[in-house]
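Structure first, commentary second.
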Amino acid sequence: MAYRNLLVDDRGAVRRITINRPDKLNALNRETINELGIAFAQARADDAVRVVVLAGSGEKAFVAGADISELATLTPLQAQETARRGQAMMLGIERLGKPVIARIQGFALGGGLELAMCCHLRIGSDKAKVGQPEINLGVIPGFGGTQRLLRLAGRSAALELCLTGVPIDASRAQALGVLTRVVPADQLDAEIDKLADQLAASAPHALRGILEAILIGGECGIETGLDYESQAFGLVFSTEDMREGTKAFLERRKPNFTGA
């Protein structure tokens, strides 16, 4: 499929989806949201794709936010539908069943931070800045910011970032759990490629089981979550990945060592 706002390319089992609106700092408009939904649906359906890297073009921003010129024209009902459309797209990324890595080289603000937070791993350069500045426009986060920031960073940090609208640097974002790792800007792509290759070489059914146990089971009470985990644990025992992985481990194990 030809996209107007995305670039899509594959490197082995790793698919890279790049939001390509550098003149708008990759701001999310309606068309881009729709294209992201399609691109990730295609990645989900393609068995050759094991890992997805989500990036923004240029060096200034991953995604600087939603497209304000478009938002300013919405009626209350249209705004609610826009929020639901963006939330659905981002939930689709979160529930992809394959690891998604966000490459954050600069600003990830508003809708950009919300998009990053729905990814499973967020690797930022030391120049990255993240925040939820919607309060400065007289609105609130609408693409899941209040909910995912709460779950990642806790209530105190979520309230601070959303109420003040002040961005934070990469170091503090990592300390809060908003960024998974922070690396020097000139090492960002090498770090992401290394991580993506490691994940792409891992058992895909086990990766999916881990993602679902944490993302879905983790939203339940502990008893329900443990039951979800045990079911996922049992399911991977039906896969060839498990049999091959166990066999390879036993062949290379040290004498008298049986641990995982």
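Thr224 places no side-chain N or O within 3.5 Å of a backbone atom of Cys220 that could act as its donor or acceptor partner. No donor-acceptor distance shorter than 3.5 angstrom exists from the side chain of Lys60 to the backbone of Phe107, with no hydrogens or angles considered. Using a distance-only test at 3.5 Å, with no hydrogens or angles considered, no donor-acceptor pair links the side chain of Arg50 to the main chain of Gly12. Between the side chain of Gln87 and the main chain of Gly142, a donor-acceptor pair closer than 3.5 Å is present. For the pair Thr239 (side chain) and Leu235 (backbone), a donor-acceptor distance under 3.5 Å is absent. Looking only at distances, a side-chain donor or acceptor of Gln105 sits under 3.5 Å from a matching main-chain atom of Ala61.
Met89 and Leu96 fall within the same hydrophobic cluster, where Ile, Leu, Val, Met, Phe, Trp and Tyr residues are linked whenever their side-chain heavy atoms come under 4.5 Å apart, directly or through other members. When hydrophobic clusters are built by joining Ile, Leu, Val, Met, Phe, Trp and Tyr residues whose side-chain heavy atoms come closer than 4.5 Å, directly or via intermediates, Ile210 is not grouped with Leu226. Side-chain heavy atoms closer than 4.5 Å link hydrophobic residues (I, L, V, M, F, W, Y) into clusters, and following such links, even through other members, never connects Ile140 to Leu161. Residues Ile104 and Leu36 share a hydrophobic cluster, clusters being chains of Ile/Leu/Val/Met/Phe/Trp/Tyr side chains in contact below 4.5 Å. By the rule that hydrophobic residues join a cluster once side-chain heavy atoms approach within less than 4.5 Å of another member, Leu195 and Val51 end up as members of one cluster.
You'll find the side chain of Val14 reaches within 4.5 Å of the side chain of Asp197, heavy atoms only. Considering only heavy atoms from C-beta on, Ile19 comes within 4.5 Å of Leu115 through its side chain. Residues Ser125 and Pro184 form no side-chain contact, since every pair of their non-hydrogen atoms from C-beta on lies 4.5 Å or further apart. Within the 4.5 Å cutoff, the side chain of Leu113 has no heavy atoms near those of the Arg122 side chain. Contact annotation: the side chain of Val52 never approaches that of Arg16 to less than 4.5 Å [non-hydrogen atoms, C-beta and beyond]. Side-chain contact between Arg30 and Glu70 is present, with heavy atoms from C-beta onward closer than 4.5 Å. Using a 4.5 Å cut-off on side-chain heavy atoms (C-beta onward), Ile135 and Thr164 make no contact. The shortest distance between side-chain heavy atoms of Ile93 and His120 does not fall below 4.5 Å.
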Walk me through it: do Arg85 and Asn34 pass the test side chain to side chain contact (heavy atoms under 4.5 Å, CB included)? CA-CA 8 Å; Arg85 188 180 304 114; Asn34 290 341; 3.5 Å; yes
Starting from the C-alpha separation in whole Å, work towards a yes-or-no answer on side chain to side chain contact (heavy atoms under 4.5 Å, CB included) for Leu188 and Ile123. CA-CA 8 Å; Leu188 182 61; Ile123 312 302; 3.8 Å; yes
How far apart are the C-alpha atoms of Tyr3 and Asn20, what are their side-chain angles, what is the distance that settles it, and do they pass the side chain to side chain contact (heavy atoms under 4.5 Å, CB included) test? CA-CA 10 Å; Tyr3 295 103; Asn20 189 36; over 6 Å; no
Go through the steps for Leu152 and Met117 under the test side chain to side chain contact (heavy atoms under 4.5 Å, CB included), then give the verdict. CA-CA 8 Å; Leu152 285 173; Met117 289 191 295; 3.6 Å; yes
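The two residues Leu211 and Pro99 come nearest to each other via the heavy atoms CD1-N, 3.8 Å. Nearest heavy-atom pair across Cys119 and Leu54 is SG-CD2, 3.9 Å. Of all non-hydrogen atoms in Leu199 and Leu207, the two that sit nearest each other are O-CD1, 3.3 Å. Scanning both residues, Leu109 and Val130, for their nearest heavy atoms gives CD2-C, 3.8 Å. Across every non-hydrogen atom of Phe62 and Gly112, the tightest pair is CE2-O, 3.3 Å. Contact detail for Val178 and Leu149: the closest heavy-atom pair is CG2-CD1, 3.9 Å.
Among pairs with a residue in residues 141-155, those fulfilling side-chain hydrogen bond (donor to acceptor under 3.5 Å, both in side chains) read Glu94-Arg148, Gln147-Arg151, Arg151-Glu219, at least two apart in sequence or across chains. Within the structure, no pair that satisfies the salt bridge (Lys or Arg N to Asp or Glu O under 4.0 Å) test touches residues 124-144, not counting sequence neighbours.
Side-chain contact check for Thr32 and Asn29: at least one donor-acceptor pair (N or O, by modelled atom type) lies under 3.5 Å. Side-chain contact of Ser69 with Asp67: a donor-acceptor pair under 3.5 Å is present, judged by distance alone. Donor-acceptor pairing under 3.5 Å is lacking for the side chains of Gln42 and Asp46.
A salt bridge is defined here as a Lys NZ or Arg NE, NH1 or NH2 lying under 4.0 Å from an Asp or Glu carboxylate O, and Arg84 with Glu81 meets this definition. Ion pairing of Asp9 with Arg15 is absent here, as no side-chain N (NZ or NE/NH1/NH2) approaches a carboxylate O to less than 4.0 Å. Using a 4.0 Å cut-off between a side-chain N of Lys or Arg and a carboxylate O of Asp or Glu, Arg208 and Glu212 qualify as a salt bridge. Arg4 has no carboxylate O lying under 4.0 Å from a charged side-chain N of Glu35, or vice versa, which leaves the two without a salt bridge. With salt bridges taken as basic N to acidic carboxylate O contacts below 4.0 Å, one links Arg172 and Glu160.
A distance of 5.5 Å separates CD in Glu114 from CE in Met90, rounded to the nearest 0.5 Å. To the nearest 0.5 Å, the span separating CZ on Arg95 from CZ on Phe40 amounts to 15.0 Å. Considering CD1 of Ile168 and CD of Gln132, their distance stands at 10.0 Å, rounded to 0.5 Å. Separating the NZ atom in Lys194 from the CD atom in Gln187 is a distance of 10.5 Å, to the nearest 0.5 Å. Interatomic distance, CG of Leu77 versus OG1 of Thr82, reported as 9.5 Å (0.5 Å rounding). Between atom CG of residue Asn5 and atom NZ of residue Lys24 there is a gap of 11.5 Å, rounded to the nearest 0.5 Å.
Heavy atoms from other residues, nucleotides or ligands lying under 6.0 Å from CD of Glu229 number 12 at most.
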